[in-house]
Amino acid sequence: MCRNIRVLHNFAPPATTDEVDAAALQYVRKVSGTTRPSAANQEAFDTAVRAVAEATQTLLDQLVTKAPPRDREEEAAKARERAAKRFGTAS
């Protein structure tokens with residue numbers, strides 16, 4: 001139903017509002033068990049997405065680390081390598 005929610009902390013450049021919103025949407029979809037709520041539940045769904053996005057942004061703004069920022073391309077390459085080992089490569 002949902003893609004995995006990705007790590008957003010400690011990247012250069014920092015996570016964008018769109019990335020935070022996408023993570024919030026994925027979280028609410030997972031928790032609610034639906035990708036598209038009914039019309040009766042749409043307002044509650046949207047309110048939850050906004051609340052989760054706000055909480056996520058607050059968390060990201062307040063987290064501190066001494067580790068150097070991660071590179072998005074480098075992390076993506078590592079993920080592709082893990083996937084290739086796990087699932088094999090396409091012929």
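Side-chain atoms are counted along with the backbone in the values below, which use heavy atoms only and exclude waters and symmetry mates. In this text, all values refer to a predicted model and were calculated from it rather than measured experimentally.
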Could you give the side-chain donor-acceptor pairs of residues 42-53 under 3.5 Å, partners two or more places apart or in another chain?
residue	atom	partner	partner atom	Å
Gln42	NE2	Asp46	OD1	2.8
Gln42	NE2	Asp46	OD2	3.3
Thr47	OG1	Glu43	O	2.8
Thr47	OG1	Arg50	NH2	3.3

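- Side-chain N or O atoms of Arg72 include one that pairs as donor or acceptor with a backbone N or O of Pro13 at under 3.5 Å.
- Thr35 and Arg29 make their closest contact through O-NE, 3.4 Å (heavy atoms, listed as atom of the first residue, atom of the second, distance).
- Considering CD of Gln62 and NE2 of His9, their distance stands at 12.0 Å, rounded to 0.5 Å.
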ask   = What's the verdict on side chain to side chain contact (heavy atoms under 4.5 Å, CB included) for Arg70 and Val7, showing C-alpha distance, side-chain angles and the deciding distance?
value = CA-CA 11 Å; Arg70 293 178 279 189; Val7 174; 3.1 Å; yes
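- For Glu54, the CD atom is loosely surrounded, since the number of other residues' heavy atoms within 6.0 Å does not exceed 12.
- No donor-acceptor pair under 3.5 Å is formed between the side chain of Asp71 and the backbone N or O of Ala12.
- To the nearest 0.5 angstrom, Gln26 atom CD is 12.0 Å from Asp21 atom CG.
- The only member of Lys85, Arg80, Lys78 that meets side-chain contact (heavy atoms from CB on, under 4.5 Å) when paired with Arg82 is Lys78.
- The two atoms that bring Leu60 and Ala15 nearest to each other are CD1-CB, 4.3 Å, heavy atoms only.
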